[in-house]
Amino acid sequence: MKKAEIKITVELDDNNLPDQILYQSTDGANKDQVPVKSMMLSFWDHNYKNSMRIDLWTKDMPVDEMKRFFYETLQTMGDSFLKATGEENIIEDLRDYCAHFAEKMGIDTRK
């Protein structure tokens, strides 16, 4: 059986706010630590039937990039949900909401 490991390192300032977030994967083409400005990590706890989340962003994450990050996260959550469930009708609604979100946030989705 193949195994892969994902390592996340968070460097905190004196107030425990993230200064830097780095990730590294043993299965990726690049084995180096990669700096990122924001992350969202979700786990499903089958025993308690709830999700556990870690949402972090660095102090210097620009607001316009955070808006884009949320937009893209919503879009890719839709992709994952469709792949996992095959529920096409609700994904159309999510895509409509994503378009509305992008319009309200002034996000250029052509990039």
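The figures here come from the full heavy-atom set of this structure, side chains too, leaving out hydrogens, waters and symmetry mates.
For the side-chain hydrogen bond (donor to acceptor under 3.5 Å, both in side chains) test, residues two or more places apart in sequence or in another chain that qualify with Asp55 are Arg53. In terms of the salt bridge (charged side-chain N to carboxylate O under 4.0 Å, His left out) criterion, Asp14 has no residue partners (sequence neighbours excluded). Partners of Asp64 by side-chain contact (heavy atoms from CB on, under 4.5 Å), not counting sequence neighbours, listed by chain and number: Pro62. Residues passing the salt bridge (charged side-chain N to carboxylate O under 4.0 Å, His left out) test with Lys59, sequence neighbours excluded: Asp13, Asp19. Residues passing the side-chain contact (heavy atoms from CB on, under 4.5 Å) test with Lys7, sequence neighbours excluded: Thr9, Gln24, Gln33. A search for side-chain contact (heavy atoms from CB on, under 4.5 Å) contacts involving Ala84 returns nothing, not counting sequence neighbours.
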Donor-acceptor pairs are to be reported for all side-chain atoms of residues 45-52 against protein atoms at under 3.5 Å, with residues two or more places apart or in another chain.
from	atom 1	to	atom 2	distance (Å)
Asp45	OD1	Asn47	N	2.9
Asp45	OD1	Tyr48	N	3.1
His46	ND1	Lys49	NZ	3.3
Lys49	NZ	His46	O	2.8

Could you go through residues 89-96 and list every donor-acceptor pair under 3.5 Å that involves a side-chain atom there, pairing it with any protein atom two or more places apart or in another chain?
from	atom 1	to	atom 2	distance (Å)
Arg95	NH1	Gln75	O	3.0
Arg95	NH1	Gln75	OE1	2.9
Arg95	NH2	Asp79	OD1	2.3

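Under the salt bridge (Lys or Arg N to Asp or Glu O under 4.0 Å) criterion, the residue pairs touching residues 29-42 are Lys37-Asp60, with sequence neighbours excluded.
When hydrophobic side chains of Ile, Leu, Val, Met, Phe, Trp and Tyr are connected at separations under 4.5 Å, Met77 ends up as a singleton with no cluster partners. Hydrophobic cluster membership for Leu22: none, as no Ile, Leu, Val, Met, Phe, Trp or Tyr side chain comes under 4.5 Å of it. Members clustered with Phe101: Met40, Trp57, Met61, Met66, Phe69, Phe70, Tyr71, Leu74, Tyr97, Met105, Ile107, by chain and number, using a 4.5 Å side-chain heavy-atom cutoff among hydrophobic residues.
Put simply, the side chain of Arg68 gets close to the backbone of Asp108: a donor and an acceptor are under 3.5 Å apart. Thr58 places no side-chain N or O within 3.5 Å of a backbone atom of Ser38 that could act as its donor or acceptor partner.
For the atom pair NZ of Lys3 and OG1 of Thr26, the computed distance is 11.0 Å after rounding to the nearest 0.5 Å. With rounding to the nearest 0.5 angstrom, the CD atom of Glu11 is 14.0 Å from the CG atom of Leu17.
You'll find the side chain of Glu5 stays beyond 4.5 Å of the side chain of Ser25, heavy atoms only. In this structure, the side chains of Met39 and Ile8 come closer than 4.5 Å at one or more pairs of heavy atoms.
In the hydrophobic clustering of this structure, Phe81 does not group with Leu41; members are Ile, Leu, Val, Met, Phe, Trp, Tyr whose side-chain heavy atoms approach within less than 4.5 Å, directly or through other members. In the hydrophobic cluster analysis, where Ile, Leu, Val, Met, Phe, Trp and Tyr join through side-chain heavy atoms closer than 4.5 angstrom, Phe43 is grouped together with Ile21.
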